[in-house]
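Below you'll find the structure, written out as structure tokens, and then a few comments.
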Protein chains: 2
Amino acid sequence: MEDVRHRLGSNLRKLRQAKGLSQEAFADEAGLHRTYISDLERYARNPTITVVDRIATALGVSIGDLLDDTPSSPPQNPGE
Amino acid sequence: MEDVRHRLGSNLRKLRQAKGLSQEAFADEAGLHRTYISDLERYARNPTITVVDRIATALGVSIGDLLDDTPSSPPQNPGE
DNA sequence: GTGTGACTCAAAGTCCGTG
DNA sequence: CCACGGACTTTGAGTCACA
């Protein structure tokens, strides 16, 4: 997974669901649009850092975490 | 310093100079343009994640480091 | 609750110069 | 070697209707 967009989309979806939010609810929190979040999670967009920053803030994580391949919260549990 | 663009520009300039590269030389390394690097270091642009990723890679640091307010290498040395 | 194509408008990104 | 401006093409931002 070399693609930053892919890592962003995956982590966004995971972290959003971990907060128990729908795309709509999260879009509202982040001050973005429902469909835009949808696009991001489906890797269909190439956002600017300011958008990434807004998302990271809304999720309560750092940009580094949001773009990382090894998310901070869940411990490695391969096979589960 | 809440501005991601500001953190990016500052860190980019520091890290680039630490590598002893001119803007032109670094632009070439990163596959970007001379004037664009100049703009970024002057906080005049809002780049996409893909170019931030390219810059981080060219600098040999993580995106988190590139956007961080606390650079990894030098310890705090106020007054020096 | 989510995916998708289409649309407008501004900004990303490239390239030309100049001091 | 760098700041800065102008001009240009491509793409992102932001939104909608419809599946």
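Because the structure is predicted, anything quoted here is derived from the model rather than measured.
Both B/Arg45 and B/Arg16 lie close to DNA chain D; mapped to their nearest nucleotides by heavy-atom distance, the more 5′-ward contact belongs to B/Arg16. Residue-to-nucleotide proximity on DNA chain D shows that, of B/Gln17 and B/Thr48, the 5′-proximal contact is made by B/Gln17.
Within the 4.0 angstrom heavy-atom criterion, base atoms lie near A/Ser38. Residue contacts shown for A/Arg13 are limited to sugar-phosphate atoms, with no base heavy atom under 4.0 Å away. Residue contacts shown for A/Gln23 are limited to sugar-phosphate atoms, with no base heavy atom under 4.0 Å away. Across all strands shown, B/Asp39 has no heavy atoms under 4.0 Å from either base or sugar-phosphate atoms.
Here A/His33 does not reach the OP1 or OP2 of D/dG14: none of its side-chain N or O atoms lies under 4.0 Å away. Put simply, A/Tyr36 has a side-chain N or O that comes within less than 4.0 Å of OP1 or OP2 on D/dA13. Between A/Asn46 and D/dG12 there is a side-chain N or O to OP1 or OP2 distance below 4.0 Å.
Side chain of A/Arg34, nearest nucleotide from D/dA17, D/dC2, D/dA3: D/dA17. Taking only side-chain atoms of A/Ser22, from C-beta outward, the nucleotide of D/dT15, C/dG1, C/dG17 with the closest atom is C/dG1. Of all nucleotides listed (C/dT4, D/dT15, D/dA13), C/dT4 comes nearest to the side chain of A/Arg42.
B/Glu29 CD to B/Thr57 OG1: the interatomic distance, rounded to the nearest 0.5 Å, is 12.0 Å.
Not one N or O on the side chain of B/Arg5 forms a donor-acceptor pair closer than 3.5 Å with the backbone of B/Asn46. The backbone N or O of B/Arg45 lies less than 3.5 Å from no partner atom in the side chain of B/Asp39, so there is not a single donor-acceptor pair.
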A/Arg16/A/Glu41 under salt bridge (Lys or Arg N to Asp or Glu O under 4.0 Å): CA gap, chis, key distance, verdict: CA-CA 10 Å; A/Arg16 175 181 61 79; A/Glu41 293 189 358; 2.6 Å; yes
